[in-house]
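See below for the structure under consideration.
Order of listing sets the numbers, starting from 1, for every ligand and every atom in it.
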Amino acid sequence: MKRLEAKSMVLLKHHLKALRLPTINAECDKVAAQCATDNVDHLSYLLQLCELELLERERKAAERRMKAAKFPTTKSLATFDFLARPSINKILMLELARCSFIDERENVLFIGNPGTGKSHLATAIASEACAKGYKVRFFRVTELVTALIEARDERTLQRLKSLLGKLDLLVLDELGYVPATKLGAELLFDVIATAYERTSLIVTTNLPFENWTEVLGSERLTGATLDRLTHRCKIIETKGESYRLKDATARSRTKKS
Ligand code: ADP
Ligand code: MG
């Protein structure tokens with residue numbers, strides 16, 4: 001077969017760069033040599049290159065979505081010990097990881113004591129959503145409330161709200177660890193009310209519903225928040241003792257023996 005002249009090769013690389021096809025640019029020589037060896041025709045060669053370019057684009061986009069989600073830790077369902085937490089239904093978690101709840105604009109609420117795997121499961125499911133192409137953002141509730149108050153003071157609240165409005169899934173971690181101020185509670189309610197039936201929420205909390213008033217201040221606001229949040233919502237209770245505590249006890253036992 002006639003080979004491409006060096007000059008044409010330079011031109012080809014130039015065109016591929018101008019067309020923003022970096023993977024085809026990097027791989028075309030290697031794949032061409034392999035196709036020549038395998039006696040593969042031109043269209044199959046082109047198909048292979050296009051597939052490589054697309055795969056790499058999808059990988060990079062998923063990486064960007066993961067970065068934009070700002071997860072504080074990397075967690076997956078694969079590293080969750082379901083035997084250690086029998087109150088968690090593994091089949092339901094795998095179902096949530098398929099993310100149809102996001103298409104249905106449903107919410108997920110994890111309720112349970114500290115260390116029972118709420119943030120782990122929330123992060124794992126939200127990471128699956130990133131991989132599947134959904135726009136996700138993870139916030140600790142205190143961090144979001146601070147950001148909302150700051151944005152309000154700087155008159156950039158609308159901008160922040162429009163950013164939140166573009167998300168498919170918003171994770172609100174640790175609702176209830178710190179009571180919100182009246183303004184904080186109102187701004188948080190506004191985010192939850194705006195997300196209602198538009199953006200899915202995953203909320204984790206250590207607070208039983210009856211104690212939410214302590215955090216949100218007014219009964220009216222708590223009622224309205226719970227009403228939005230729990231309508232079309234999977235409520236998952238992570239019962240049992242803290243995994244951190246169990247883990248630490250097991251480790252100190254191994255050390256002693
Ligand atoms: P919570 O948010 O309920 O306070 P976390 O999800 O932060 O608890 O869990 C505390 C730590 O223990 C994390 O490092 C988490 O990965 C780990 N962990 C909790 N439950 C499990 C489990 N069942 N299997 C594996 N690791 C777990
Ligand atoms: Mg947590």
Original post:
Side chains of L148 and L160: does their closest heavy-atom pair fall under 4.5 Å?
Top reply: yes
Original post:
Between S44 and D41, do the side chains contain an N or O donor and an N or O acceptor separated by less than 3.5 Å?
Top reply: yes
Original post:
Heavy-atom contact under 4.0 Å between G112 and ligand 1?
Top reply: no
Original post:
Taking both backbone and side-chain atoms of F80, is any N or O found less than 3.5 Å from an N or O belonging to ligand 1?
Top reply: no
**OP:** Could you point out which residue of R232, R105, H231 forms a side-chain hydrogen bond (donor to acceptor under 3.5 Å, both in side chains) with Y196?
**Re:** H231
Subject >> Under 3.5 Å side-chain donor-acceptor pair for S200 and N107 >> reply: no
**OP:** Kindly identify the option in R244, H120, E174 whose heavy atom sits closest to atom 15 (C) of ligand 1.
**Re:** H120
Original post:
Within the stated cut-off of 2.8 Å, is an N/O/S atom of T204 closer than that to the Mg ion (ligand 2)?
Top reply: no
Original post:
In ligand 1, which numbered atoms sit nearer than 4.0 Å to a non-hydrogen atom of P114?
Top reply: 4 (O)
**OP:** Would you mind checking which non-hydrogen protein atom is closest to atom 24 (N) of ligand 1, with the distance to 0.1 Å?
**Re:** D81 N, 2.7 Å
Subject >> Residue of the set K67, K60, R59, R65 for which side-chain hydrogen bond (donor to acceptor under 3.5 Å, both in side chains) holds with E63 >> reply: R59
Original post:
In this structure, are over 12 heavy atoms from other groups packed under 6.0 Å from E210 atom CD?
Top reply: yes
Original post:
Is any side-chain heavy atom of L121 closer than 4.5 Å to a side-chain heavy atom of I236?
Top reply: no
**OP:** Determine whether the side chain, the backbone, both or neither of N113 has a heavy atom under 4.0 Å from any heavy atom of ligand 1.
**Re:** backbone
Original post:
Where's the contact between Y243 and ligand 1, heavy-atom distance under 4.0 Å: side chain, backbone, both or neither?
Top reply: side chain
**OP:** Just let me know how T204 lines up against ligand 1, side chain, backbone, both or neither, with a heavy-atom cut-off below 4.0 Å.
**Re:** neither
Original post:
In terms of atom number and element, which parts of ligand 1 are under 4.0 angstrom from non-hydrogen atoms of T116?
Top reply: 1 (P), 3 (O), 8 (O)
Original post:
With hydrophobic residues grouped by side-chain heavy-atom distances under 4.5 Å, do F138 and L169 end up in a single group?
Top reply: yes
**OP:** For atom 8 (O) of ligand 1, grab the closest protein heavy atom and report residue, atom and distance to one decimal in Å.
**Re:** G117 N, 3.2 Å
Original post:
Is the closest N or O pair between K118 and ligand 1 shorter than 3.5 Å?
Top reply: yes
Subject >> Sub-4.0 Å heavy-atom approach of T238 to ligand 1 >> reply: no
Original post:
In the protein, what heavy atom is nearest to atom 1 (P) of ligand 1, and what distance, to one decimal place, separates them?
Top reply: G115 N, 3.5 Å
Original post:
With side chains defined as the heavy atoms from C-beta onward, is the minimum distance between F82 and N89 less than 4.5 Å?
Top reply: no
Original post:
In terms of hydrophobic clusters joined by side-chain contacts under 4.5 Å, are Y243 and F80 together?
Top reply: no
Subject >> Element-labelled atoms of ligand 1 that are located less than 4.0 Å from some non-hydrogen atom of K75 >> reply: 13 (C), 14 (O), 15 (C), 16 (O)
